[in-house]
Number of protein chains: 2
Amino acid sequence: MACEAAFRDELRRRGLRMTLQRELVLSALHQASEPVSAEELHQSIAAQSPNVDLSTVYRTLGLLQELRLVSGYDSAGETRYELLSLHGPHLHLLCQSCGCIEGVPPDDAHGFVSALAERFGFEVQIEQLVIPGLCQRCRERGKVARPPWVRFVDPA
Amino acid sequence: MACEAAFRDELRRRGLRMTLQRELVLSALHQASEPVSAEELHQSIAAQSPNVDLSTVYRTLGLLQELRLVSGYDSAGETRYELLSLHGPHLHLLCQSCGCIEGVPPDDAHGFVSALAERFGFEVQIEQLVIPGLCQRCRERGKVARPPWVRFVDPA
DNA sequence: CTTGCTGCAAATTCTTTGCACTCAC
DNA sequence: GTGAGTGCAAAGAATTTGCAGCAAG
């Protein structure tokens, strides 16, 4: 896996060290098929190596983000992480009803992104972009966005 | 102010009540020139009415969101709230370096939004949309994105 | 051996909740 | 009056930090 090598190299260059825990985090990220929370990552690691602490997972994720190997974005109050190298740069569609996530290539966004650059001088970080909305399935079922309007139901 | 009337009406329709605290929250939102956190709102209310509790601010914000008078989005781990009626529907550019926020009209996004609708059946909630990136100022100064890579500095 | 890294526990931050009392209607 | 709303305090959830011992280079 190329990104383990990249990780190792970058650690060396910075005078940091490769450890079993860091390998485990990276490996667990590889195995994940969709963005995972720190907690989920911790649990999947715990399956084979029960002594890795959650705080170590957080520290490693921070490190991996710094090295631009992993991206994280906020979803419903928790951060979900994902290997960048795995799917290439892309953005996410996050359904506000069911919470499902779809990764989409950035192609469709290019016009939008360059419009923002031209008109506002704003440089979009597309890998960090999360689009809130309703997925097809939920739309068809007449679902409504969840956060934070679920607390009580319209009495009408 | 039209939205206070709207608030009042909607409360009545639901059998809920207008209170001083709710008026204060709404009024503080009006006075805010940019999206505010619950904490900031609480402080600005406290200036004139020190006994309003932070939890009441949260509860009122939840209510206002439900009535679609206020929108909230996540920025750097905290939620920032904003009156919808004040500026009309729009999206936000959030600079990952300085944290500044710019509201932009949704026009530029239309192509993108309809592309997502067509290709993925995804209905974007544009008022909830926060675009991460770098503002012009920070870009010119060669700044780099902040969260969560600020924890240590590149030794190179 | 040196110093970065880890596990553990405690601390922080933002937000929510339980409850008795109060006030809008 | 009655039940919705409030303040207060405590609980929660996600994440961070301090520290002493461990281990990678």
Side-chain angles (χ1 to χ4, degrees), chain A residues 7-26 35-43 45-46 49-67 70 72-81 146-153 155, chain B residues 7-26 35-43 45-46 49-67 70 72-81 146-153 155:
Chain A
F7 191 19
R8 218 175 196 105
D9 290 354
E10 193 56 32
L11 288 175
R12 282 238 169 84
R13 286 214 303 117
R14 300 197 182 208
L16 306 178
R17 294 167 186 177
M18 177 54 92
T19 64
L20 175 58
Q21 290 87 336
R22 288 176 176 170
E23 276 175 9
L24 286 168
V25 170
L26 197 53
V36 286
S37 66
E39 185 62 57
E40 287 163 353
L41 216 45
H42 180 233
Q43 281 176 22
I45 291 169
S49 193
N51 300 327
V52 176
D53 195 77
L54 180 55
S55 66
T56 300
V57 174
Y58 274 111
R59 285 187 273 229
T60 304
L61 285 169
L63 188 52
L64 286 166
Q65 283 184 110
E66 221 177 321
L67 307 189
V70 158
Y73 60 86
D74 209 87
S75 154
E78 67 179 14
T79 309
R80 306 194 76 83
Y81 304 88
R146 182 194 47 182
W149 311 309
V150 191
R151 245 161 315 182
F152 61 77
V153 184
Chain B
F7 191 19
R8 217 173 196 107
D9 289 353
E10 192 57 30
L11 288 175
R12 283 240 167 83
R13 286 214 305 115
R14 300 198 182 209
L16 305 179
R17 295 165 186 178
M18 177 54 93
T19 64
L20 174 58
Q21 291 87 336
R22 286 176 177 170
E23 276 176 10
L24 286 167
V25 170
L26 198 53
V36 287
S37 65
E39 185 63 57
E40 288 163 352
L41 216 45
H42 180 232
Q43 282 176 21
I45 291 169
S49 192
N51 299 328
V52 176
D53 195 76
L54 179 56
S55 66
T56 299
V57 173
Y58 274 111
R59 285 187 273 229
T60 304
L61 285 169
L63 187 53
L64 286 166
Q65 283 184 109
E66 223 178 319
L67 306 189
V70 159
Y73 61 86
D74 209 90
S75 155
E78 67 179 13
T79 309
R80 306 193 78 83
Y81 303 88
R146 182 195 46 180
W149 311 308
V150 191
R151 241 160 318 180
F152 60 78
V153 184

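None of these values were measured; they are calculated from a predicted model. Residue numbers start from 1 in every chain, and the chains themselves are labelled A, B, ... in the order their sequence lines are given, proteins ahead of strands. Any value given below was found using the heavy atoms of this structure, including those in side chains, with hydrogens, waters and symmetry copies removed.
- Under the side-chain hydrogen bond (donor to acceptor under 3.5 Å, both in side chains) criterion, A:Ser49 pairs with no residue at all, not counting sequence neighbours.
- Taken from CZ in A:Arg80 to CG in A:Leu41, the straight-line distance is 10.5 Å, to the nearest 0.5 Å.
- A:Tyr73 OH to A:Glu78 CD: the interatomic distance, rounded to the nearest 0.5 Å, is 9.5 Å.
- Both B:Arg8 and A:Val52 lie close to DNA chain C; mapped to their nearest nucleotides by heavy-atom distance, the more 5′-ward contact belongs to A:Val52.
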Would you list the protein and nucleotides 20-22 of chain C atom pairs, both N or O, that sit under 3.5 Å from each other?
none

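- Distance, B:Leu61 CG to C:dC14 C1': 13 Å, rounded to whole Å.
- Whole-Å rounding puts the A:Arg13 CZ to D:dG25 P distance at 17 Å.
- Nearer the 5' end of DNA chain D, as judged by each residue's closest nucleotide, is the contact made by B:Gly15, out of B:Gly15 and B:Leu54.
- Donor-acceptor pairing under 3.5 Å, judged by distance alone, is present between the side chain of A:Arg59 and the base of C:dG7.
- Protein atom CG of B:Asn51 is 16 Å distant from nucleotide atom C1' of D:dA9, rounded to whole Å.
- Where A:Glu39 and A:Asp53 each meet DNA chain D at their nearest nucleotide, the meeting point lying more 5' is that of A:Glu39.
- Not counting sequence neighbours, the partners of A:Arg8 by the salt bridge (charged side-chain N to carboxylate O under 4.0 Å, His left out) test are A:Glu4, A:Glu23.
- Under the side chain to side chain contact (heavy atoms under 4.5 Å, CB included) criterion, A:Asn51 pairs with no residue, sequence neighbours left out.
- With B:Arg22 contributing its side chain and B:Arg17 its backbone, the two residues share a donor-acceptor pair below 3.5 Å.
- Side-chain proximity of A:Ser55 to the nucleotides D:dG7, D:dG5, D:dT17 is greatest for D:dT17.
- Minimum atom distance to the side chain of A:Tyr58 is reached by D:dA14, of the listed C:dG7, D:dA14, D:dG7.
- Looking at A:Leu63 and A:Leu11, their side chains come closer than 4.5 Å, going by heavy atoms from C-beta outward.
- For A:His42 against A:Leu54, the heavy-atom pair with the smallest separation is NE2-N, 3.5 Å.
- Partner A:Gln21 forms a side chain to side chain contact (heavy atoms under 4.5 Å, CB included) with one of A:Val57, A:Asp53, A:Thr56 and no other, that one being A:Thr56.
- B:Leu24 contributes atom CG, which lies 9.5 Å from atom OG1 of B:Thr60 (distance to the nearest 0.5 angstrom).
- Look at CG on A:Leu63: it is 17 Å from P on D:dT15, rounded to the nearest Å.
- Rounded to whole angstrom, the span from the NE2 atom of A:His42 across to the P atom of C:dT6 amounts to 13 Å.
- In this structure, the separation between OG1 on B:Thr79 and CD on B:Glu39 is 12.5 Å, given to the nearest 0.5 Å.
- Computed from coordinates, the B:Asp9 CG to C:dC25 P distance equals 13 Å when rounded to whole Å.
- A straight line from CG of A:Leu11 to C1' of C:dG4 spans 11 Å, rounded to a whole angstrom.
- For the segment residues 17-24 of chain A, residues with any heavy atom less than 4.0 angstrom from an atom of DNA chain C are, sorted by number, A:Arg17, A:Thr19, A:Gln21, A:Arg22.
- Interatomic distance, A:Met18 CE to A:Asp9 CG, rounded to the nearest 0.5 Å: 9.0 Å.
- Within the 4.0 Å cut-off from OP1 or OP2 of C:dC5, not a single side-chain nitrogen or oxygen of A:Thr56 is found.
- Checking D:dA9, C:dG7, D:dT15 against the side-chain heavy atoms of A:Glu78 singles out D:dT15 as nearest.
- Across the protein-nucleic acid pair, B:Leu16 atom CG and C:dC23 atom C1' stand 15 Å apart, rounded to whole Å.
- One axis for each end of the helix from C:dC1-D:dG25 to C:dC25-D:dG1, each built from five base pairs, and the angle between them comes to 30° at 10° resolution.
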